[in-house]
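First the structure, in the form of structure tokens, and then the observations on it.
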Amino acid sequence: MNKTVELVNHWGNFEEKHPNGSIADFCRYYLARQEKEPKTSGKLVGGVVPQVKAGLLMKIIGRISKLNMSYANIALEGTGLHQIEEFGILQTIRQEQAPRKTEVIYANLFELSSGTDMLNRLKKRGLIKEYADKEDKRSKRIELTAKGEKVIRDSTAKIEKNATMLLHTLADDDKDLCIQLLKEIEIKLSEKWQRHKGKGFDEIFEDLLQEQSK
């Protein structure tokens with residue numbers, strides 16, 4: 001096959017899967033697919049290795065997520081935060097500027113009850129304050145206190161160091177490629193997560209597969 005035709009075919013396949021991808025994204029994608037499987041020392045994942053590729057990828061992502069949480073919680077020692085989830089909550093409040101409590105809870109993928117408990121603990125420790133929403137008296141809005149602002153500044157530096165530490169062997173181009181390949185999945189799942197509450201797995205399965213086929 002003519003090399004130009006071959007390259008165009010690869011581009012067509014990439015564009016179909018990643019319609020918002022740039023030429024730079026395609027180049028990273030193409031090179032990654034041409035590389036031979038890297039030699040690794042040690043076991044790929046603990047326990048049973050899934051035979052389905054999607055299962056193996058999700059297990060790798062899940063294990064990395066758990067390890068990140070473990071190291072991040074160590075990094076947060078002495079900052080005034082007890083766990084990485086609290087960091088996410090405060091960052092959301094800081095970014096959104098006086099959001100509703102429910103907006104913060106769902107943005108961080110918490111159930112309403114557990115998210116409310118965490119916000120109450122942060123309030124009790126003087127990191128956030130809440131007040132009635134002027135437009136909807138039934139809702140509460142929250143802000144960081146001066147203490148909360150200091151805590152989030154100190155903890156952000158620690159969490160950034162933790163992320164740098166965990167992925168320091170991964171080149172920036174490879175990080176960009178990983179982001180490009182996974183970001184649309186994260187966006188779609190985050191958008192649908194709330195709408196899937198109360199539905200059975202088979203219904204969720206069909207809904208997500210129909211979305212992917214569009």
Side-chain angles (χ1 to χ4, degrees), residues 1-72 75 84 87-88 91-92 95-96 106-109 156 159-197 199-214:
M1 182 186 295
N2 180 280
K3 292 181 180 179
T4 302
V5 174
E6 183 180 1
L7 184 60
V8 170
N9 288 338
H10 283 299
W11 168 257
N13 291 333
F14 171 81
E15 191 173 33
E16 182 178 348
K17 295 177 182 177
H18 310 285
N20 297 320
S22 65
I23 293 177
D25 293 328
F26 166 71
C27 292
R28 288 189 288 267
Y29 171 87
Y30 178 78
L31 290 174
R33 291 178 66 89
Q34 303 311 304
E35 291 178 357
K36 295 181 180 179
E37 184 176 350
K39 294 181 179 179
T40 58
S41 58
K43 208 169 184 179
L44 177 58
V45 292
V48 177
V49 177
Q51 296 301 308
V52 179
K53 285 186 178 180
L56 177 57
L57 178 57
M58 291 308 304
K59 184 163 186 175
I60 292 171
I61 292 172
R63 287 176 66 84
I64 291 173
S65 177
K66 286 184 178 180
L67 291 165
N68 172 56
M69 291 174 65
S70 178
Y71 285 114
I84 186 63
F87 174 79
Q91 280 284 28
T92 302
Q95 177 178 301
E96 299 302 322
Y106 294 141
N108 286 273
L109 305 182
T156 296
I159 293 303
E160 288 178 351
K161 287 180 67 175
N162 177 66
T164 299
M165 175 186 74
L166 295 181
L167 297 179
H168 78 281
T169 58
L170 198 62
D172 284 345
D173 282 350
D174 291 333
K175 294 186 184 80
D176 289 337
L177 176 59
C178 290
I179 292 169
Q180 172 65 28
L181 294 177
L182 295 175
K183 66 181 182 180
E184 290 186 14
I185 295 175
E186 190 276 333
I187 291 170
K188 288 180 180 179
L189 292 178
S190 295
E191 288 175 347
K192 285 183 169 286
W193 175 65
Q194 280 295 309
R195 283 179 277 171
H196 285 154
K197 284 182 176 295
K199 295 183 178 180
F201 178 74
D202 289 342
E203 186 177 358
I204 295 172
F205 180 86
E206 291 297 329
D207 180 46
L208 288 177
L209 260 62
Q210 287 176 3
E211 179 70 23
Q212 292 173 5
S213 64
K214 292 179 181 179

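Hydrogens, waters and symmetry mates are skipped; everything else that's a heavy atom, side chains included, is used.
Counting non-hydrogen atoms of neighbouring residues, nucleotides and ligands closer than 6.0 angstrom, the NZ atom of Lys161 reaches no more than 12 such neighbours. Within a 6.0 Å radius of NZ in Lys197, other residues, nucleotides and ligands contribute more than 12 heavy atoms.
His10 and Tyr30 get closest at one heavy-atom pair: CD2-CE1, 3.6 Å. For Asn162 against Ala75, the heavy-atom pair with the smallest separation is CB-CB, 4.5 Å. Among all heavy-atom pairs drawn from Trp11 and Ile23, the shortest one is CZ3-CA, 4.2 Å. Here the shortest heavy-atom pairing between Leu109 and Trp193 reads C-CH2, 3.5 Å.
Rounding to the nearest 0.5 angstrom, the gap separating the CG atom in Leu57 from the CG atom in Leu182 is 6.5 Å. Between atom CZ of residue Phe205 and atom CD of residue Gln210 there is a gap of 10.5 Å, rounded to the nearest 0.5 Å. Remark: Tyr106 OH to Gln194 CD distance equals 5.0 Å, nearest 0.5 Å. A distance of 5.5 Å separates CG in Asn68 from CG in Leu166, rounded to the nearest 0.5 Å. Atom OG of residue Ser190 and atom CD1 of residue Ile185 lie 11.5 Å apart, to the nearest 0.5 angstrom. The CG atom of Leu170 sits 12.0 Å away from the OG1 atom of Thr164 when rounded to the nearest 0.5 Å.
In this structure, the side chain of Lys59 engages the main chain of Val48 through a donor-acceptor pair within 3.5 Å. Judged by distance alone, with hydrogens and angles left aside, the side-chain atoms of Thr92 form a donor-acceptor pair with the main-chain N or O of Gly88 at under 3.5 Å.
A donor-acceptor contact closer than 3.5 angstrom links the side chains of Gln91 and Thr156. Using modelled atom types and a 3.5 Å distance limit, the side chains of His196 and Asp207 yield a donor-acceptor pair.
In this structure, the side chains of Thr4 and Leu7 stay at 4.5 Å or more apart for every pair of heavy atoms. Between His18 and Asp25 the shortest side-chain heavy-atom distance does not fall below 4.5 Å.
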